[in-house]
There are 2 protein chains.
Amino acid sequence: MARVKTAKPYHHGELREALVVAGRKLLEEKGLRGFTLRECARRAAVSHAAPAHHFASIDDLLAEIATLGYHELTAAMTAEARRSGQDPAARLVGQGVGYMAFAAANPVLFQLMFSREANRFETPALAQAAKSAYHLHREAVEAAIPRASAEVKERMVDFAWASVHGFITLVLEGQLGEKDSPRALKARGLAALSAMVEAVVRAGGEPLSA
Amino acid sequence: MARVKTAKPYHHGELREALVVAGRKLLEEKGLRGFTLRECARRAAVSHAAPAHHFASIDDLLAEIATLGYHELTAAMTAEARRSGQDPAARLVGQGVGYMAFAAANPVLFQLMFSREANRFETPALAQAAKSAYHLHREAVEAAIPRASAEVKERMVDFAWASVHGFITLVLEGQLGEKDSPRALKARGLAALSAMVEAVVRAGGEPLSA
DNA sequence: AGATTATCTTGTCATCGACAAGATTGGAGC
DNA sequence: GCTCCAATCTTGTCGATGACAAGATAATCT
């Protein structure tokens with residue numbers, strides 16, 4: 001029995017990773033309701049019970065996929081912010097662009113990450129990954145309004161995140177710009193982003209009106 | 001065979017409505033993944049195949065529930081706007097409050113209405129109900145900035161909706177203000193709302209900067 | 001090499017959505 | 001008042017699913 005790599009071994013070797021990859025693809029194809037463990041197993045070419053040795057339940061696999069999603073989201077935000085230079089306001093816009101780009105490229109995964117169902121299978125790793133993305137955003141907002149009070153900063157963190165998240169969420173669901181071209185849609189997104197940053201900077205530069 | 005009302009008739013009589021009511025409750029209790037037709041049937045005290053005569057599939061029932069949700073959302077927005085007097089800016093805030101209140105009271109239903117899955121079972125009635133809510137919002141924004149250009153109006157409609165929707169969505173998922181009291185959370189929501197309205201009014205009152 | 005553990009298999013169970021076929025009911029037309 | 005028909009609800013079935021059990025195989029440790 002030569003243990004040649006081409007010979008199909010009894011052990012898969014990287015089944016856990018293969019299931020995550022297959023599951024992620026299946027998720028985008030069929031949506032959350034069409035997501036099944038057995039189909040993941042089929043795509044990884046293993047028996048229907050094999051996944052149980054790597055994931056205690058279907059929710060565990062979803063949690064792992066969502067965690068991976070948060071890591072990629074963080075990476076996308078960081079990369080786009082870096083491309084935006086040193087100006088804090090420009091970097092904030094850039095992070096928003098990265099956020100939206102990730103969501104647009106992985107719509108179902110994005111919905112899963114921010115789904116109410118996610119609370120059902122929350123994992124320490126998932127919570128940590130989500131927190132990392134939050135802190136990245138928080139720091140970008142605070143850097144844009146260094147002179148603002150702690151309270152104003154906090155509220156602008158809320159507001160900025162809500163604007164970006166809300167916009168891309170509505171687009172993904174088809175509520176906003178359904179008949180727009182991708183190009184026009186991106187312009188609308190950028191307009192929303194600059195309206196947001198402008199409001200944040202203005203609020204952060206003033207002592208707090210009313 | 002007296003057809004007394006207390007006697008359990010073979011025909012349910014209002015099974016369609018009963019299924020919608022039971023389904024809506026089940027949805028909030030178990031989430032979208034825990035939603036089953038058979039459980040709805042059990043709660044309506046009919047056999048597992050009875051729903052088929054009123055809803056062609058499980059998605060049809062979900063569509064009906066979502067449609068009802070849009071009607072209630074519209075009603076909540078209208079009612080809260082009316083309570084806010086005549087000032088367009090105040091009315092815009094009010095509509096946002098109504099929007100958030102509905103979402104907070106029906107978190108899973110709200111997620112269903114704005115879920116990507118909803119596109120899978122879109123019904124004419126559902127699309128119409130969603131469009132009604134959109135127009136209500138659109139008109140409120142445009143009333144607040146009557147002198148703005150059509151383009152600015154359009155972008156502020158995007159922006160305003162995104163802010164409100166994003167904020168409440170993040171709260172519902174537990175990403176924002178997880179450890180806040182309901183009272184503190186409402187204050188954060190109001191702060192986000194006023195930041196939004198202020199930005200809208202400012203953008204709408206100027207010719208358009210940059 | 002032998003033993004132990006991890007990994008993967010087949011087999012089973014209750015439950016699900018959907019469909020088929022039969023039973024019951026309510027009404028329309030006579 | 002009666003008959004017949006369509007709507008409604010029933011039981012029964014099918015393939016598919018998630019989870020579990022028990023056994024087979026591979027990898028690793030001693």
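These numbers were taken from a predicted model, which means no experiment stands behind them. Reminder, nothing fancy here: chain letters follow the sequence lines and each chain counts from 1. Worth knowing before you read on, the calculation uses all heavy atoms, side chains too, and leaves out hydrogens, waters and symmetry mates.
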Quiz item: With sugar-phosphate meaning primed atoms plus P, OP1 and OP2, does A/His48 contact a base, only sugar-phosphate, or nothing at under 4.0 Å between heavy atoms?
Solution: base
Quiz item: Is the shortest side-chain N to carboxylate O distance from B/Glu64 to B/Arg16 below 4.0 Å?
Solution: yes
Can you check the [X] [atom1] to [N] [atom2] distance for me, whole Å?
X       : N      : atom1 : atom2 : result
B/Leu15 : C/dT24 : CG    : P     : 19 Å
B/Asp60 : C/dC19 : CG    : P     : 11 Å
B/Leu26 : C/dC16 : CG    : P     : 10 Å
B/Leu62 : C/dA18 : CG    : C1'   : 15 Å
B/Glu14 : D/dC9  : CD    : C1'   : 16 Å

Quiz item: Of B/His54 and A/His53, whose closest DNA chain D nucleotide lies nearer the 5' terminus?
Solution: B/His54
Self-check item: Minimum-distance nucleotide to A/Ser57 side chain [options: D/dA19, C/dC19, C/dT9]
Solution: D/dA19
Exercise. State which of D/dC20, C/dA18, D/dT10 makes the closest approach to the side chain of B/Ile58.
Key: C/dA18
Self-check item: ring-ring contact (aromatic ring centres under 6.0 Å, His included) pairs, two or more places apart, involving residues 54-95 of chain B
Solution: B/Tyr70-B/Phe114
Quiz item: Sequence neighbours excluded, which residues qualify as salt bridge (Lys or Arg N to Asp or Glu O under 4.0 Å) partners of A/Arg188?
Solution: A/Asp180, B/Asp158
Quiz item: If you look only at pairs with a residue in residues 67-82 of chain B, which of them pass as a salt bridge (charged side-chain N to carboxylate O under 4.0 Å, His left out), with sequence neighbours excluded?
Solution: B/Arg24-B/Glu72, B/Glu80-B/Arg83
Practice problem: Can you run down the salt bridge (charged side-chain N to carboxylate O under 4.0 Å, His left out) pairs that involve residues 114-131 of chain A, sequence neighbours left out, and say none if there aren't any? | Solution: A/Glu117-A/Arg120
Quiz item: Heavy atom of residues 27-43 of chain B under 4.0 Å from DNA chain C: which residues?
Solution: B/Thr36, B/Leu37, B/Arg38, B/Arg42
Practice problem: Kindly write out the residues that satisfy side chain to side chain donor-acceptor pair (under 3.5 Å) with B/Glu29, not counting sequence neighbours, or none if the list is empty. | Solution: B/Arg43
